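For reference, the structure discussed in these notes is given below.
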Amino acid sequence: MRVIKFQAWEVHFNGRIVGFHKLDFDWLSKFVSMPLLISTLMFGTAILLGVPLNAGTTFTPTFLFKILREPIRTFPHSMISFAIIGITWEIR
């Protein structure tokens with residue numbers, strides 16, 4: 001920290017940190033809007049195909065997407081865990 005302050009690099013590092021936060025926010029906003037996009041496409045397609053939208057055909061897919069959201073979100077983390085387990089077994 002002293003080196004950063006002594007060399008007056010605070011502005012440079014602050015700019016980099018803000019850039020990283022902007023990149024994270026961009027990815028997060030894409031991820032958050034995805035369920036809305038999927039639901040809109042699904043119900044729009046159903047309307048175009050003439051499927052009657054009643055309580056059964058509306059709430060069932062919506063609830064199914066809500067249930068599947070968490071496993072889809074955690075899938076990359078579980079793949080990383082399996083890779084770590086495989087590496088650990090190879091080291092032994």
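Position 1 is the first residue of the sequence; numbering continues from there. It should be emphasised that the depicted structure is a prediction, and the values quoted were computed from it without experimental measurement.
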Between side-chain atoms of residues 39-57 and protein atoms elsewhere (two or more places apart, or another chain), which donor-acceptor pairs fall under 3.5 Å?
| unit_1 | atom_1 | unit_2 | atom_2 | d |
| --- | --- | --- | --- | --- |
| S39 | OG | P35 | O | 3.1 |
| T40 | OG1 | L36 | O | 2.7 |
| T45 | OG1 | L41 | O | 2.7 |
| N54 | OD1 | G56 | N | 3.2 |
| N54 | OD1 | T57 | N | 3.0 |
| N54 | OD1 | T57 | OG1 | 3.1 |
| T57 | OG1 | P52 | O | 3.0 |
| T57 | OG1 | N54 | N | 3.0 |
| T57 | OG1 | N54 | O | 3.3 |

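Scanning all heavy atoms of the two residues, the minimum distance from T58 to T62 falls at O-OG1, 2.8 Å.
Here CD of E90 is found 12.5 Å from CD1 of I85. Values are rounded to the nearest 0.5 Å. If you take CG on L68 and CZ on F65, they are separated by 8.0 Å, rounding to the nearest 0.5 Å.
Residues meeting the side-chain contact (heavy atoms from CB on, under 4.5 Å) test with I17, sequence neighbours left out: H21. For the side-chain contact (heavy atoms from CB on, under 4.5 Å) test, residues two or more places apart in sequence or in another chain that qualify with F75 are S78, M79.
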